[in-house]
Amino acid sequence: MTDIPKSYSATGEIGATLQKRSLWARFLLDLKKSPYTARFGMVVIFFYIFVALFAPWLAPYGESQVFPAPYEPWSKEFVFGTDQIGRDILSRMIYGARNTVGIAVATTFLAFLIGGSLGLAAAINRSWLDQILSRLVDVLMAIPSLIFALVLLSIFGSNITNLVLIIAVLDSTRVFRLTRAVALNVVVMDYVEAARLRGEGIGWIMRREILPNILPPLIAEFGLRFCFVFLTIAALSFLGVGIQPPTADWGSMVRDNASLIMFAQYDLRAGLTPLLPAAAIALLTVAINFVVDWFLQKTSGLKDE
Amino acid sequence: MHPIIKTILVRLSLGLMTLLAVSIIIFSAVEFLPGDFTEAILGQLATPETIAAFRKELGLDQTALVRYLNWIGGVLQGDFGSSFSGKGSVTGGTGGDRSRDVVDLIAPRLWNTLFLAGMTAIIAVPLSLFLGVTSALYRNSIYDRAVNVTSLTTISFPEFFVAYVLILIFGSLWPVLPTLANVDAATPMLERIQRCALPALTLTLVIIAHMMRMTRAAIINLLASPYIQMAILSGASKREVIIKHALPNAWAPIATVIAFNLAYLVVGVVVVEVVFVYPGIGQLMVDSVTSRNIPVVQACALIFAVTYILLNLIADIIGIVTNPRLLHPK
């Protein structure tokens with residue numbers, strides 16, 4: 001009643017703008033300013049998540065339900081036709097979202113858990129532990145990860161558990177490097193020293209003092225790492241040593257239906273069939289790259305020029 | 001000693017140590033083989049004697065150090081041991097060990113892979129330099145944007161997607177190029193190039209984006225430095241500024257990224273060889289992983305890793321050698 005200012009007040013104006021926005025409001029504001037590429041990326045990512053979560057309800061048929069009609073053309077009954085032993089391609093694509101993307105997400109999380117915690121520990125320790133881990137990572141990173149993964153898969157055999165573990169460990173080296181590098185800048189801060197002096201344990205310092213301050217580059221890295229892991233798993237599955245049948249997976253679907261491509265002269269849709277799962281992989285990586293690009297520009301103020 | 005020689009020597013010895021460590025890792029892979037592995041290789045009919053003989057041939061009765069020294073000694077002399085496949089014939093009684101020497105399997109395929117990688121490099125490197133320099137020259141023009149968007153999208157495509165799109169276009173809809181790159185030693189050069197066209201094109205598209213963007217970024221980065229301002233103010237044309245003043249200082253980052261991408265070819269080549277059924281060492285490696293033919297996998301991995309490390313080493317050394325601050329110490 002009384003706080004309606006009758007005359008102009010400078011403090012009043014500043015006070016009005018100082019109103020703290022909630023996290024959600026700030027997010028909405030950022031969203032409004034986001035470039036259309038990032039919006040496109042977010043829509044695609046949400047679509048994939050939706051399909052992956054509700055796969056059993058969305059798919060017209062079961063994941064490995066076999067019909068007595070291999071290589072059926074596109075029709076009302078089988079929207080994208082059937083594969084080499086008569087499984088509905090559309091259903092396998094939908095379940096593939098769950099398997100391929102799900103496995104890649106799990107692997108990336110594991111890689112961040114390993115690489116992130118070791119990287120933080122190395123940055124805090126900065127002596128023997130740091131030396132040992134850094135040299136180990138140097139050597140592991142000297143071998144191309146696809147090649148290393150092939151060696152390990154030939155030793156341990158290819159199943160999903162091994163695949164996730166192997167790729168996660170190989171990829172955690174990159175996460176380790178980044179976490180250690182960004183954490184080193186934060187470890188020397190006074191507030192970390194203060195926490196150490198008041199007797200906090202290494203776990204507390206890692207989680208409560210350092211992690212919140214290095215989160216933005218790690219989140220961006222999570223997106224890029226996910227793309228990399230996703231492509232590696234897809235490549236391995238495509239090569240036949242990754243996710244094994246009958247699990248529906250985009251990489252192996254490309255391989256199984258590849259021969260159809262030569263029929264494109266007679267029926268373009270047949271030729272497109274093997275490209276669908278490959279395009280699904282490509283679309284997701286492009287979408288994530290767009291979003292990460294926007295996120296990086298926003299958090300670091302980094303511009304292209 | 002000249003500081004530059006010292007830096008290079010340090011880098012070389014570091015590279016040698018990495019090579020040593022990598023060879024140990026690849027070798028010790030065998031240590032983790034599950035216990036029933038000999039049976040899996042020799043088949044269930046294997047008698048305890050043949051299993052013992054096989055273990056002895058693998059050297060599993062010796063200490064790891066002795067085995068490593070034997071293996072690496074052999075590798076240095078070009079002997080990668082003998083393949084696992086065919087070992088089962090010991091029990092079959094068809095005339096002893098029919099397994100082939102790994103080196104005989106690898107040698108012709110290695111040449112094929114090098115041919116494909118070389119062909120890709122010859123196309124991709126000049127093309128990406130040209131695109132990078134021109135897009136820096138015409139920065140923010142429509143040309144620059146088009147090149148940028150295209151490269152950003154191809155960079156995030158899996159190799160096999162690019163490969164199959166190319167097959168669809170050039171092999172199926174408009175059949176001008178062969179989609180199977182099944183060459184052998186007797187294939188004449190011209191036909192070999194024609195058959196390798198699609199695989200080389202795929203690899204080019206995969207690696208060109210990164211090289212081009214780095215070239216562009218390196219040059220644009222330099223354009224902000226004072227001596228470039230000076231050159232512009234002295235009246236040099238845009239082209240002259242970039243070619244005469246910016247490019248010489250950009251060589252180090254560009255060389256690094258080229259070597260890095262050629263090293264990346266090593267990985268990309270595996271998938272592309274499988275798509276086009278190209279008889280290279282990548283395909284051999286994938287086949288050997290499926291059949292768990294460990295000696296062949298080890299040999300291929302070692303070759304890939306050594307190439308990768310050497311290319312990175314070369315990139316580093318080029319970076320050191322072309323750094324003017326190291327060349328002319330105070």
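All figures in this text were calculated on a predicted structure; none of them were measured in a lab. By convention in this document, chain letters (A, B, ...) are assigned in the order of the sequence lines, proteins followed by strands, and residues within each chain are numbered from 1.
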Quiz item: Is the charged tip of A:Arg92 near the ring of A:Tyr95: under 6.0 Å from the six-membered ring centre and within 45° of its axis?
Solution: no

Quiz item: How are the rings of B:Tyr143 and B:Tyr138 set to each other: parallel, tilted or perpendicular (split at 30° and 60°)?
Solution: perpendicular

Quiz prompt | A:Arg180 and A:Asp130 ion-paired at < 4.0 Å | solution = yes

Quiz item: Can you tell which of B:Met17, B:Gln283, B:Met285 has the highest number of heavy-atom pairs within less than 4.5 Å of chain A?
Solution: B:Met285

Quiz item: Which one, B:Val271, B:Thr290, B:Thr18, leads in non-hydrogen pairs under 4.5 Å with chain A?
Solution: B:Val271

Exercise. Name the region of B:Phe160, side chain, backbone, both or neither, that has any atom closer than 4.5 Å to a heavy atom of chain A.
Key: side chain

Practice problem: For the pair B:Trp174 and B:Phe170, name the ring-plane relationship: parallel under 30°, tilted 30 to 60°, perpendicular over 60°. | Solution: tilted

Quiz item: Which one of A:Leu146, A:Leu239, A:Ile288, A:Leu231 has the most heavy-atom pairs closer than 4.5 Å to chain B?
Solution: A:Leu239

Practice problem: For each of A:Ile281, A:Leu153, A:Leu150, tally heavy-atom pairs with chain B at distances under 4.5 Å, and name the one with the top tally. | Solution: A:Leu150

Quiz item: Is B:Arg139 paired with B:Asp144 through a side-chain N to carboxylate O contact shorter than 4.0 Å?
Solution: no

Exercise. Could you tell me whether A:Asp171 and A:Arg174 have a side-chain N and a carboxylate O separated by less than 4.0 Å?
Key: no

Quiz item: Rounded to the nearest 0.5 Å, how far apart are CG of B:Leu284 and CD of B:Glu273?
Solution: 9.0 Å

Self-check item: Winner by heavy-atom pair count (cut-off under 4.5 Å) against chain B, out of A:Asp138, A:Leu272, A:Val254
Solution: A:Val254

Quiz item: With only heavy atoms counted, which part of B:Val306 is less than 4.5 Å from chain A, the side chain, the backbone, both or neither?
Solution: neither

Quiz item: Who wins among A:Leu140, A:Leu284, A:Val151 for the most heavy-atom pairs under 4.5 Å with chain B?
Solution: A:Val151

Exercise. Specify which of B:Leu168, B:Asp287, B:Val274, B:Leu223 makes the most heavy-atom pairs with chain A at under 4.5 Å.
Key: B:Leu168

Self-check item: Part of A:Phe148 lying under 4.5 Å from any heavy atom of chain B
Solution: side chain

